[in-house]
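Chain naming here is simple, since letters A, B, ... match the order of the sequence lines and numbering starts at 1 in each. In this text, all values refer to a predicted model and were calculated from it rather than measured experimentally. Worth knowing before you read on, the calculation uses all heavy atoms, side chains too, and leaves out hydrogens, waters and symmetry mates.
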There are 2 protein chains.
Amino acid sequence: MHSPHKWRHRFRANVSRWTVPREIILDFLSRTSKHMSAKEIYASLYRMYPGIGLTTVYRTLDLLVRIGLINKLTFGDGPSRYEFKSEKKNEHHHHLLCTKCGRIIDYNDFMGEELKLTKKTEETLAKKYNFKVQDHNIEFYGLCEKCQ
Amino acid sequence: MHSPHKWRHRFRANVSRWTVPREIILDFLSRTSKHMSAKEIYASLYRMYPGIGLTTVYRTLDLLVRIGLINKLTFGDGPSRYEFKSEKKNEHHHHLLCTKCGRIIDYNDFMGEELKLTKKTEETLAKKYNFKVQDHNIEFYGLCEKCQ
DNA sequence: AATGGTAATGAAAACCATTATCATTAATAA
DNA sequence: TTATTAATGATAATGGTTTTCATTACCATT
Ligand SMILES: [Mn+2]
Ligand SMILES: [Mn+2]
Ligand SMILES: [Zn+2]
Ligand SMILES: [Zn+2]
């Protein structure tokens, strides 16, 4: 697995080596739309690649977050979950979380309005609290179709 | 500690008993504006009430969240934090989180605009995904005054 | 006020996600 | 090819939270 790959340069730029486990994990995440925990990723990969340890999954996920290729999602219950971050600018999205069954729904409606609100908020909060906003997170809690 | 208290009926309504540890913990939270972890609450109470166990703090916090008297905040790093939920309608607020030092800043600017956005979002998402929104959370990540 | 049924408590152990350790392996530059 | 050193993976350790279980204390009913 030494073929040139579209993400290889991102690792170089971050003084990190392009390794087999990293490619496998990143490739796996890029092909799923699920929000998976480290253990779930480990288990999914185990059948095909039993050599990859859970520790390496954790370390790789941490690196991918630092590099900016994936998002780490921490909802109140259970383990952290991860999702591939699409490079397409219009695929920025947030989540609906079912408080009963735990279902996670992506949505990207209202991104225009949201951008307007967040931009305005960021500017004013920067002045008022001298706080430099880098990112934001919005989530809605409630009951999904099946659970209400 | 058997005096009638303004929160006592909330416990009754939830088939829960009004106990000394519960009153102490709730009273403590209602008097601080900090966002504290279970262990921090336990430690704060220990001097005056060394009889209250950490387990009871966890259980009481869980109950208070269920009853709706406090909020549980789970930022990615470290333990969950808790804050008293003000009964005043205009004190709904969100958080600015410093990614460097962990500082948490409350803000309640733009609540008008926010309400407009969230209401609109809730309505449309209810139709589109048949999802019944109960609550929402917004947070901004960045660098606080001291850390930039 | 006394009683009894049962929820709540607290100490300890268990649980579980995540991180640290360390000997071994493998990616990269020379 | 070789040397350097980052990355890996098995294992142990960590730390927040939950479970267990014997004891205590609410509180509805006498
Ligand atoms: Mn998503
Ligand atoms: Mn707050
Ligand atoms: Zn559901
Ligand atoms: Zn800071």
Side-chain angles (χ1 to χ4, degrees), chain A residues 1-5 7-26 35-46 48-67 70 72-82 102, chain B residues 1-5 7-26 28 35-43 45-46 48-67 70 72-82 102:
Chain A
M1 206 167 296
H2 283 259
S3 58
H5 201 289
W7 292 302
R8 198 167 181 171
H9 70 283
R10 297 289 291 268
F11 285 76
R12 290 298 190 75
N14 284 67
V15 208
S16 299
R17 294 178 181 176
W18 178 248
T19 70
V20 172
R22 288 174 178 178
E23 171 165 358
I24 291 168
I25 292 166
L26 180 51
H35 309 82
M36 303 184 78
S37 69
K39 204 198 288 186
E40 286 170 344
I41 294 166
Y42 167 77
S44 298
L45 260 31
Y46 188 83
M48 188 101 71
Y49 307 99
I52 299 178
L54 179 57
T55 308
T56 295
V57 173
Y58 272 108
R59 281 189 291 229
T60 300
L61 291 170
D62 191 60
L63 174 64
L64 294 176
V65 169
R66 257 161 29 229
I67 290 182
I70 67 174
K72 181 179 184 175
L73 310 172
T74 51
F75 310 124
D77 61 324
S80 296
R81 302 184 161 275
Y82 301 84
Chain B
M1 205 166 295
H2 283 261
S3 59
H5 200 289
W7 292 302
R8 197 166 183 172
H9 69 284
R10 297 290 291 269
F11 285 76
R12 288 298 190 75
N14 284 70
V15 208
S16 299
R17 294 179 180 175
W18 179 247
T19 70
V20 173
R22 287 175 180 180
E23 170 164 359
I24 291 168
I25 292 166
L26 181 51
F28 174 75
H35 310 81
M36 304 183 77
S37 70
K39 206 198 286 186
E40 288 170 342
I41 294 166
Y42 167 78
L45 261 30
Y46 188 82
M48 188 99 73
Y49 307 99
I52 299 177
L54 179 57
T55 308
T56 296
V57 173
Y58 273 108
R59 280 188 291 228
T60 300
L61 291 171
D62 192 59
L63 175 63
L64 294 176
V65 169
R66 254 158 33 225
I67 290 182
I70 66 173
K72 181 179 186 178
L73 310 172
T74 52
F75 310 125
D77 60 326
S80 295
R81 302 184 161 276
Y82 300 84

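In summary, B:Arg8 and B:Glu23 do not engage in a salt bridge, as defined by a charged side-chain N under 4.0 Å from a carboxylate O.
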Protein-nucleotides 28-30 of chain D N/O pairs closer than 3.5 Å?
none

Identify all pairs in which a protein N or O lies below 3.5 Å from an N or O of nucleotides 13-20 of chain C, and state each distance.
{"from": "C:dA17", "atom 1": "OP2", "to": "A:Lys39", "atom 2": "NZ", "distance (Å)": "2.8"}
{"from": "C:dT18", "atom 1": "OP1", "to": "A:Ser80", "atom 2": "N", "distance (Å)": "3.1"}
{"from": "C:dT18", "atom 1": "OP1", "to": "A:Ser80", "atom 2": "OG", "distance (Å)": "3.2"}
{"from": "C:dT18", "atom 1": "OP2", "to": "A:Tyr58", "atom 2": "OH", "distance (Å)": "2.6"}

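Distances shorter than 4.0 Å separate none of the side-chain N or O atoms of A:Arg22 from OP1 or OP2 on C:dA27. Residue B:Thr19 places at least one side-chain N or O closer than 4.0 Å to OP1 or OP2 of C:dT9. Of the side-chain N and O atoms in B:Thr56, none sit less than 4.0 angstrom from OP1 or OP2 of C:dA8.
One can place CD1 of A:Ile24 at 12 Å from C1' of D:dT8, the figure rounded to the nearest angstrom. Put simply, CZ on B:Phe75 is 17 Å from C1' on D:dG16, counting in whole angstrom units. Separating the CZ atom of B:Arg66 from the P atom of C:dA7 is a distance of 13 Å, rounded to the nearest angstrom. Atoms OH (B:Tyr46) and C1' (C:dA11) sit 12 Å apart, rounded to a whole Å. Atom P of nucleotide D:dC26 and atom NE2 of B:His5 are separated by 15 Å, given to the nearest angstrom. For the pair A:Glu23 CD and C:dA27 P, the computed distance is 11 Å after rounding to whole Å. Atoms CD1 (A:Ile52) and C1' (D:dT8) sit 10 Å apart, rounded to a whole Å. Protein atom CD1 of B:Ile41 is 15 Å distant from nucleotide atom P of C:dG10, rounded to whole Å.
Below 30°, between 30° and 60°, or above 60°: for A:Phe11 and A:Trp18 the angle between ring planes is above 60°, a perpendicular geometry.
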